[in-house]
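Have a look at the structure below, then the notes.
So that the names make sense, note that chain A is the first sequence line, chain B the second, and so on, each numbered from 1.
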Amino acid sequence: MSDLGITPRSINYADWYNDLVLKAKLADYSPVRGCMVIRPHGYAIWELMQRALDDMFKATGHVNACFPLLIPKSFFSREAAHVEGFAKECAIVTHYRLMNDPNGEGVVVDPEAKLEEELIIRPTSETIIWNTYKDWIQSYRDLPILINQWANVMRWERRTRLFLRTAEFLWQEGHTAHATNEEAEQEALTILEIYRSFCEEWMCVPAIAGLKTENEKFAGAHHSYCIEAMVQDLRAIQAGTSHHLGQNFAKAFDVKFQNANGELEYVYATSWGVSTRLIGTLVMAHSDDKGLVLPPKLAPIQVVFVPMGRDEQTREKTFALSDKIAAELSEAGLRCKVDKREKESPGFKFNDWELQGACVRVEIGPRDLEAGTCVLAVRDTGEKQTVQIAHACTQIRTLLEETGQRLFKKALELRESNTQRIDDWDSFEKQFQGEGGCGFVLAHWDGTTETEQTIAEKTKATIRCIPLKPLEAGDNQPGRCVLTGKPSEQRVVFAKAY
RNA sequence: CGGGGCGUAGCGCAGUCUGGUUAGCGCGCCUGCUUUGGGAGCAGGAGGUCGCGAGUUCGAAUCUCGCCGCCCCGACCA
């Protein structure tokens, strides 16, 4: 097992994750620190995510557009909190030309080609978008604007990890403009619900929808919502965010509209996004020491066929039978692959497809030809069963259905068995003493940033969110802050986070 | 930005301390034959600016100095 080159989770979770991402060919490191190559297998997962989310956005009235990569530096100074949040991690374009190095080999930046105004590579697009919306909005009849874009952004992170935090990443960012505060609030919540349902139904990862604290909210937002998930090392990971921006950007970019009464008002805004971090979340949520475990809805290959045969004739027959079943499944919309590689042994293929995360493997060999059967192996449980060919398609669909339910259930059980309610400081502090993730703690908090930061300093645990709905009855009842003993309205989620 | 580790074939490593044939090994790759129900075997073959730059020396992967890069762990962030 160890010669597969994947560090077991029990030895080192971080190494396991890195090994898996590389070995399963999801991504590669790039020549530039913090950037990555998303390989076809990883990109296929992203495409499936994109399609599902994009359909949901469209179904709720959104349209796609694409704004430019480069943003004039001056735009960033408009919204104070926004600058504060992003200034320290921006890549800046200062020149537009290279020249041959007069002293020798290679090329150097041409000092003559300095830009009048430096350009920022977008870390997020609020500023350029609001600068544009200003020209698009005059009347309440121009509202709402419900635009999304699929794009890459760049944040010069000090410490990066494949998919979880890369300098450049892919995401979608929605930017909407509304006539009223209530409508913007509804928009932020609608999107949050899309994210939650996507996370749970497509990724099979249970998510807690909640409100970010002032301390954790998006730079420039009035308030931020998020979905938080737990992965196998018991850390929290933010899987998506939806912000109500209030009138902050409208004021910064002077975006006003005339209402039905002829009065000028600033518009209300939201922005929201999920990124390729979802792929990292997905890997960390379900996969095991043998490789990827993917939920059927997001598996690039749901069903893989491994036909076997010593001789040409047997091979032809098992290939043909595999093709026939695969065609029937494809007809029904499943993503299938018949592995016809001749050099690799069946055993190699079994391991290889387990690494790649194919949900169900169909083995067809000489014995099956005689018996009119095939063997179905389920990726996440490792269980094998022999079925009649006539029943194969039905059974495969059942197994995929069950896989999705099982992955969600298992992830939910992990979260529930590692979530506790703690009301005294000693126990709280003790809970977070261990290395790495320590699960979720639902505790009371007095609502101040000061307390939040003190707790973070002492325990490394942060407030992931203030749940919108109680996880259990009673979580939304008043109590006393776990640190200060001051009154608290409800329990909030504490955890060590990615 | 602090601490640690590493840079030698596509990948993983040995060799470096103690300088000295033509720089090795495993995996992978190419060719051929035999193989195929849990990572096949044999034979042959291709593949190297030893991270970069100076220096010491008759001679440097190995010693000295400088530089660069990457990974991991902490502080900050989707």
Nearest to the side chain of [X] - [options]?
X: Lys460(A); options: G37(B), G74(B), C71(B); answer: G74(B)
X: Arg367(A); options: C29(B), G37(B), A78(B); answer: G37(B)
X: Arg159(A); options: G38(B), A78(B), A75(B); answer: A75(B)

Distance criterion of 3.5 Å, no angle test: do you see the side chain of [X] paired donor-to-acceptor with the base of [N]?
X: Lys384(A); N: G38(B); answer: yes
X: Arg361(A); N: G38(B); answer: yes
X: Glu363(A); N: G38(B); answer: no

Within the pair Asn18(A) and C72(B), is there a side-chain N or O less than 4.0 Å away from OP1 or OP2? yes
Under 4.0 Å, heavy atoms only, any strand: does [X] hit a base, just the sugar-phosphate, or nothing?
X: Gly240(A); value: nothing
X: Ser275(A); value: base
X: Leu164(A); value: base

With rounding to the closest Å, how many angstrom separate the [atom1] atoms on [N] and [M]?
N: G26(B); M: A46(B); atom1: P; value: 16 Å
N: C70(B); M: C65(B); atom1: C1'; value: 22 Å
N: G3(B); M: G41(B); atom1: C1'; value: 49 Å

Taking atom types as modelled and ignoring hydrogens, do the side chains of Gln238(A) and Glu216(A) form a donor-acceptor contact shorter than 3.5 angstrom? no
Is there a side-chain contact between His243(A) and Lys212(A), using heavy atoms and a 4.5 Å cut-off? no
